[in-house]
**Q** 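Starting off with a structure, shown below.
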Amino acid sequence: MMALGFSTRVIAAIVVVSWAAVAAPAPATKGFNVKTLNFDEGYAPLFGDGNLVRSSDGRSVRLHLNQYSGSGFISSDLYQYGLFSASIKLPSDYTAGVVVAFYTSNGDMFEKTHDELDLEFLGNIKGREWRLQTNVYGNGSTSRGREERYLLPFDPTAEAHRYSILWTSDTIIFYVDDTPIREVKRSEAMGADYPTKPMMLYATIWDGSSWATSGGKYKVNYKYSPFISEFSNLVLQGCRMDPIQQLPVDEQCADAEAELAAAYYSRMTPEKHQAMRKFRERYMTYSFCYDTLRYPITFPDCNIVPTEQRRFTETGDIKNMPRRRRSKHRSKFFSGSVDSERQADI
């Protein structure tokens, strides 16, 4: 994530306007068995004045981007490991240059040694698909973001889908609905690049015209604004840090870590591994591990799969972009089959 320049300690007052309650999407807790929160139970406005709009019941939030500002919110507490999840519906129509981000970070506290885990949604020109990018930064490794990029097996603008970041002392897993799409294991090879310091959860929408679509070729066109992303089924599950309590992190978080490790979403079963492999085979369009132009020396923690490597160019991009028919219905991928046709990505 690019720095937004807003302090997590000083948050400007925000004008909140409610909209009529609408039918909620499928519960975010399906398969995870975790509690969802009211906005005020775990979050606070970050920036954007009236561009952050809470539902009348406080269970959903709309983030707006217009020519004056983007918007965002932040968790009220720091977390040392946890599950961070939300159902997100993305803006439709022309969205080039628009970035919707759901991520954890401690950049305001550790300027040069910050940690960060990103789910970044990158908009596109009309008729072209949103892309999803995951990043892993540890101990200030901003030049080694370990980026991966994917297409999605459904239209993320038609209905909300659940996106989750699991972060433990040993493993990071990114989920789309109930399917894990990426697993990062802590290892000696990764060293200090594995995130270990307490982080806060952020959700934002902002103007990424300089890079988000075709390297900045296509900019945000405010003729199509406001761009609106909807967040619901908000989950913060993990060790909430008490900065006043003078206990070592291990003591503060022992019980919460044990509960986190025992949860179903923390266990990678053979079925989950198979689902992740299928997703990555069909939808991953960029991998830092195969980008030999940007990274001439392959990361020591990369698991190079020769059959997979042959599908990518020296820039890390896939040789043959997958295609699909545009559909407003949930993809069959998550029920065991996949659309055979995919629309080209920019």
Side-chain angles (χ1 to χ4, degrees), residues 90 92-100 118-136 144-158 161 163 173-177 179-184 208 211-218 272-299 301-346:
L90 298 174
S92 59
D93 211 334
Y94 184 99
T95 56
V98 176
V99 179
V100 175
D118 297 327
L119 284 166
E120 291 181 327
F121 303 89
L122 312 178
N124 222 324
I125 62 174
K126 190 173 183 178
R128 298 295 179 95
E129 297 171 298
W130 280 82
R131 288 129 319 137
L132 171 61
Q133 180 165 311
T134 60
N135 308 320
V136 176
R144 304 184 302 280
R146 290 174 168 79
E147 301 93 344
E148 290 187 353
R149 192 172 293 175
Y150 329 84
L151 298 179
L152 292 166
F154 48 76
D155 179 357
T157 73
H161 286 263
Y163 305 90
I173 303 174
F174 295 92
Y175 279 95
V176 174
D177 289 324
T179 300
I181 66 168
R182 182 180 184 185
E183 180 185 24
V184 178
W211 67 277
T213 308
S214 293
K217 179 179 179 181
Y218 298 98
K272 284 185 179 181
H273 276 293
Q274 183 180 19
M276 182 173 69
R277 179 181 59 79
K278 287 183 177 180
F279 182 96
R280 294 170 68 80
E281 285 177 352
R282 297 167 182 178
Y283 301 110
M284 187 166 71
T285 62
Y286 171 85
S287 171
F288 73 101
C289 285
Y290 302 130
D291 189 345
T292 56
L293 288 185
R294 185 179 178 191
Y295 304 115
I297 300 175
T298 303
F299 285 49
D301 51 297
C302 279
N303 179 25
I304 301 299
V305 181
T307 55
E308 182 177 80
Q309 186 177 24
R310 287 195 289 269
R311 298 189 293 112
F312 292 84
T313 69
E314 62 181 0
T315 64
D317 297 299
I318 198 161
K319 292 177 181 177
N320 299 308
M321 186 64 67
R323 298 173 176 269
R324 78 165 170 87
R325 280 191 305 273
R326 206 96 163 111
S327 172
K328 291 189 177 182
H329 300 290
R330 177 182 287 263
S331 167
K332 294 179 181 179
F333 173 80
F334 291 101
S335 59
S337 62
V338 185
D339 294 337
S340 60
E341 233 181 290
R342 290 190 61 79
Q343 183 171 339
D345 172 48
I346 285 184

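For the numbers below, each heavy atom of this structure counts, side chains included, while hydrogens, waters and symmetry mates do not.
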**Q** To the nearest 0.5 Å, how far apart are CG in Leu122 and CD in Glu129?
**A** 13.0 Å
**Q** Look at the aromatic rings of Phe279 and Tyr283 and report parallel, tilted or perpendicular, splitting at 30° and 60°.
**A**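 Plane angle between 30° and 60°, so tilted.
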**Q** If you look at every heavy atom in Ser287 and Phe312, which pair is closest and at what distance?
**A** N-CE2, 4.3 Å
**Q** Report the residues that fulfil salt bridge (Lys or Arg N to Asp or Glu O under 4.0 Å) with Glu183, sequence neighbours left out, ordered by chain and then residue number.
**A**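 Result, salt bridge (Lys or Arg N to Asp or Glu O under 4.0 Å) vs Glu183: none returned.
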**Q** At what distance, to the nearest 0.5 angstrom, does CD1 of Ile125 lie from OG1 of Thr213?
**A**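 One gets 8.5 Å once the value is rounded to the nearest 0.5 Å.
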**Q** Determine, step by step, whether Arg144 and Phe299 satisfy the side chain to side chain contact (heavy atoms under 4.5 Å, CB included) criterion, reporting the C-alpha distance in whole Å, the side-chain angles of both residues, the deciding distance to 0.1 Å, and the verdict.
**A** CA-CA 9 Å; Arg144 304 184 302 280; Phe299 285 49; 3.7 Å; yes
**Q** As an exercise, state the distance from CD of Gln274 to OG1 of Thr179, rounded to the nearest 0.5 Å.
**A**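 Gln274 CD to Thr179 OG1: 11.5 Å, rounded to 0.5 Å.
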**Q** Would you name the heavy atoms of Arg182 and Glu147 that are closest together and state the gap between them?
**A** NH1-C, 4.4 Å
**Q** Look only at the side chain of Lys278 and the backbone of His273, and say whether a donor-acceptor pair between them is shorter than 3.5 Å.
**A**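 Judged by distance alone, no pair lies under 3.5 Å.
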**Q** What pair of heavy atoms forms the shortest contact from Trp130 to Pro156, and how long is it?
**A** CB-CG, 4.1 Å
**Q** List the steps and the verdict of ring pair (Phe, Tyr, Trp, His ring centres under 6.0 Å) for Tyr175 and Tyr163.
**A** CA-CA 6 Å; Tyr175 279 95; Tyr163 305 90; over 10 Å; no
**Q** Looking only at the aromatic ring of each residue, does the gap between the centers of Tyr286 and Tyr150 stay below 6.0 angstrom?
**A** no
**Q** Could you tell me whether the side chains of Asp317 and Thr315 share a donor-acceptor contact shorter than 3.5 Å?
**A** yes
**Q** Grab the two heavy atoms, one from Lys126 and one from Tyr94, that are nearest each other, plus how far apart they are.
**A**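 Where Lys126 meets Tyr94 most closely, the heavy atoms are N-CD1, 3.7 Å.
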**Q** When you measure from the side chain of Asp155 to the backbone N and O of Thr157, does any donor-acceptor pair fall under 3.5 Å?
**A**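 Side chain of Asp155 to backbone of Thr157, a donor-acceptor pair under 3.5 Å: yes, one is there.
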**Q** Of all the heavy-atom pairs spanning Cys289 and Ile304, show the shortest one and how long it is.
**A** O-CD1, 3.8 Å
**Q** Measure the CE-CD1 distance between Met284 and Ile318 for me, rounded to the nearest 0.5 Å.
**A** 7.5 Å
**Q** Quick one: do Arg280 and Glu148 make a salt bridge, cutoff under 4.0 Å?
**A**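 Salt bridge flag = yes for Glu148 with Arg280.
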**Q** Side chains of Tyr290 and Glu308: is there a donor and an acceptor less than 3.5 Å apart?
**A** yes
**Q** State, with a plain yes or no, whether a side-chain heavy atom of Trp211 is found less than 4.5 Å away from one of Val99.
**A** yes
**Q** Determine yes or no for a side-chain-to-main-chain donor-acceptor pair under 3.5 angstrom, with Arg131 supplying the side chain and Ala212 the backbone.
**A** yes
**Q** Between the side chains of Thr285 and Arg149, does any donor sit under 3.5 Å from an acceptor?
**A**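 On atom types as modelled, these side chains do not qualify, holding no pair under 3.5 Å.
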**Q** Picking from Asp301, Asp118, Asp291, what satisfies salt bridge (Lys or Arg N to Asp or Glu O under 4.0 Å) with Arg146?
**A** Asp301
**Q** Without swapping roles, check the side chain of Asn135 against the backbone of Gly145 for a donor-acceptor pair under 3.5 Å.
**A**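 Not at all, since once roles are kept as given, no pair shorter than 3.5 Å links the two residues.
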**Q** What's the shortest heavy-atom distance between Tyr218 and Ala96, and which atoms?
**A** CB-CB, 3.7 Å
**Q** Report yes if some heavy atom in the side chain of Thr134 is under 4.5 Å from a heavy atom in the side chain of Val136; otherwise report no.
**A**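 Of all side-chain heavy-atom pairs linking Val136 with Thr134, none is under 4.5 Å.
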